[in-house]
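Presented below is the structure to which this report refers.
Numbered from 1 within each chain, the chains take letters A, B, ... in sequence-line order.
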Amino acid sequence: DTEVTQTPKHLVMGMTNKKSLKCEQHMGHRAMYWYKQKAKKPPELMFVYSYEKLSINESVPSRFSPECPNSSLLNLHLHALQPEDSALYLCASSQDPSYNEQFFGPGTRLTVL
Amino acid sequence: DQQVKQNSPSLSVQEGRISILNCDYTNSMFDYFLWYKKYPAEGPTFLISISSIKDKNEDGRFTVFLNKSAKHLSLHIVPSQPGDSAVYFCAASGGADGLTFGKGTHLIIQP
């Protein structure tokens, strides 16, 4: 299995909702990442998990809360989001944090109303 | 300040000809460079990479060239095919801190 999967594909939520994005990989990768991509912009790094521990948080607001329950799963919990948080959220994984090739999932298209 | 720059938002190339996509970087700590291809509504797909200790890496129709002194890299696709039409992102890494992406170049292959 050489895929990174993400669910859901699309999500529409109100500003008071709580929702979660899920990411899964079964490649035995020990580093997992969350990126945010706005339209016509490059992906921007949000969080890095290294061996299931949060190693990088790129000054992301606390309304985004990552979680790594095990080495195959990565969640992004969302609460009290703003309309400007609407974007494509991409999950990626790599063999380990020092391994540069990252494999991306298809993304979750999030719309905040 | 953009650390990875792709100055051409779009590039149109005739099928069968060579496509050359360019990328410049400013951070001298970057030591590994990657190219990703992205179709609409999909995640980026890894294409090819190069370490800073090399100046060229080839994989089939794709070749990446790195000029460290100029802090410049390029992706050559030859021959270009219709399925190559996509947005190409240049990305750079300086260690275990994720990737820094350029803004992307939209490559259009014309029949």
Query - Segment of A:Y35 engaging chain B (4.5 angstrom heavy-atom cut-off) - result: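 Just the side chain, heavy atoms under 4.5 Å.
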
Report task. Mind ranking A:A31, A:G107, A:G105, A:P43 by heavy-atom pairs under 4.5 Å with chain B and telling me who comes out on top? Result ->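 The candidate making the most pairs under 4.5 Å is A:P43.
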
hydrophobic_cluster_shared for [Y] and [X], side chain cutoff 4.5 Å:
X: B:L107; Y: B:F89; answer: no
X: A:V112; Y: A:L11; answer: yes
X: A:M32; Y: A:I56; answer: no

Query raised in the report: Considering all heavy atoms of both residues, which atom of A:L90 and which atom of B:P44 are nearest to each other, and what is their separation?
Result: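 Answer, listing the atom of A:L90 first, then B:P44: CD1-CD, 3.8 Å.
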
Query - Nearest atoms (heavy-atom pairs only) where A:L88 meets B:E42 - result: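 Closest approach of A:L88 to B:E42: CD2-O, 4.5 Å.
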
Query raised in the report: Should B:F101 and A:K41 count as side-chain neighbours, where that means a heavy-atom distance under 4.5 Å?
Result: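 No - every pair of side-chain heavy atoms lies 4.5 Å or more apart.
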
Query raised in the report: Once you round to the nearest 0.5 Å, how far does NZ of B:K38 lie from CD of A:Q37?
Result: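 One finds 4.5 Å between NZ of B:K38 and CD of A:Q37.
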
Query raised in the report: About how many Å separate CG of B:L34 and CD of A:E101, when rounded to the nearest 0.5 Å?
Result: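 The distance works out to 5.5 Å.
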
Query raised in the report: Between B:Y36 and chain A, which part of the residue has a heavy atom less than 4.5 Å away: side chain, backbone, both or neither?
Result: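 It is the side chain, since no backbone atom gets that close.
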
Check this for me: [X], atom [atom1], are more than 12 non-hydrogen atoms of other residues, nucleotides or ligands nearer than 6.0 Å?
X: A:E44; atom1: CD; value: no
X: A:K18; atom1: NZ; value: no
X: B:R17; atom1: CZ; value: no

